[in-house]
Amino acid sequence: QLQLVESGGDLVQPGGSLRLSCAASGITLDYYTIGWFRQSPGKEREGVSCISDTGDNTAYADSVKGRFTISKDNAKNTVYLQMNSLKPEDTAVYYCAAELSLYTNYVSLVVADFPFWGQGTQVTVSA
């Protein structure tokens, strides 16, 4: 059974850093595109970053480019989101999601493209 479990969320001061983890079970990341999304109260869920099944292709929302970095460790079946220079507007519940892509090197920041979701982890950026 496919399962995605996010971790690493915390309360951090503006300018700080966090690393989120998305541990997958029941699947092998070699065949899946993994995306990170976030949702804050009263707002639509939005795409933050994505990494392809091969790991060769990545995508970032304009709001996080240059600050966030996505990576994957296939041996640990885990995808990471390194978040630096955090801002209060980064406060949200962060979700990882998976889409079967079978070596297409596909990336997407569209919520509807991803059928499998984790439960989320809270990130709060506040002084």
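Please read all numbers here as calculations on a predicted model, not as lab measurements.
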Between R67 and D90, is the side-chain contact (heavy atoms from CB on, under 4.5 Å) condition met? List the steps. CA-CA 11 Å; R67 300 189 298 124; D90 295 318; 2.7 Å; yes
Give a yes or no on whether [X] and [Y] share a hydrophobic cluster (residues Ile, Leu, Val, Met, Phe, Trp, Tyr; joining criterion: side-chain heavy atoms under 4.5 Å apart).
X	Y	answer
Y80	L86	no
V64	I51	yes
V111	F114	yes
F116	I70	yes
V79	L100	yes

Please report the closest heavy-atom contact between A61 and G47, naming both atoms and the distance.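 Answer, listing the atom of A61 first, then G47: CB-O, 3.4 Å.
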Provide the closest heavy-atom pair for P115 versus A98 in the form atom of the first, atom of the second, distance. CD-O, 3.2 Å
Taking D53 for the side chain and N105 for the main chain, is one N or O donor matched with an acceptor at less than 3.5 Å? yes
Is it true that a side-chain atom of T54 and a backbone atom of S52 form a donor plus acceptor pair closer than 3.5 Å? no
Start with the C-alpha distance between Q3 and V5, add both sets of side-chain angles, then the distance that settles side-chain contact (heavy atoms from CB on, under 4.5 Å), and finish with yes or no. CA-CA 7 Å; Q3 189 174 17; V5 179; 4.0 Å; yes
Starting at [atom1] of [X], measure out to [atom2] of [Y] and round the result to the nearest 0.5 Å.
X	Y	atom1	atom2	answer
S7	Y94	OG	OH	15.0 Å
Q82	S17	CD	OG	5.5 Å
N57	C50	CG	SG	8.0 Å
L4	Q119	CG	CD	9.5 Å
S49	K65	OG	NZ	10.5 Å
S40	E46	OG	CD	7.0 Å

Acceptor/donor pairs from residues 20-37 side chains to any protein atom, 3.5 angstrom cut, sequence neighbours excluded:
unit_1 : atom_1 : unit_2 : atom_2 : d
D30    : OD1    : N74    : ND2    : 2.8
T33    : OG1    : S101   : OG     : 3.0
T33    : OG1    : Y106   : O      : 2.7

Any chance you could lay out the side-chain contact (heavy atoms from CB on, under 4.5 Å) test for L11 and S126, step after step, and finish with the verdict? CA-CA 7 Å; L11 170 64; S126 175; 4.2 Å; yes
Answer whether the closest heavy-atom distance between the side chains of F68 and V48 falls below 4.5 Å.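 With C-beta onward as the side chain, the pair touches.
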Compare all side-chain heavy atoms of V12 with those of T124 and state whether any distance is below 4.5 angstrom.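 Not touching, per the 4.5 Å side-chain cut-off.
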With a cut-off of under 6.0 Å to the ring centre and 45° to the axis, is R38 in cation-pi contact with Y95?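 Here R38 fails the 6.0 Å and 45° test against Y95.
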Flag yes if more than 12 heavy atoms outside E44 fall under 6.0 Å of its CD atom; otherwise flag no.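 Count not over threshold, so no.
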Go through D10 and Q122 one step at a time and tell me if the side-chain contact (heavy atoms from CB on, under 4.5 Å) criterion holds. CA-CA 6 Å; D10 205 345; Q122 176 70 46; over 6 Å; no
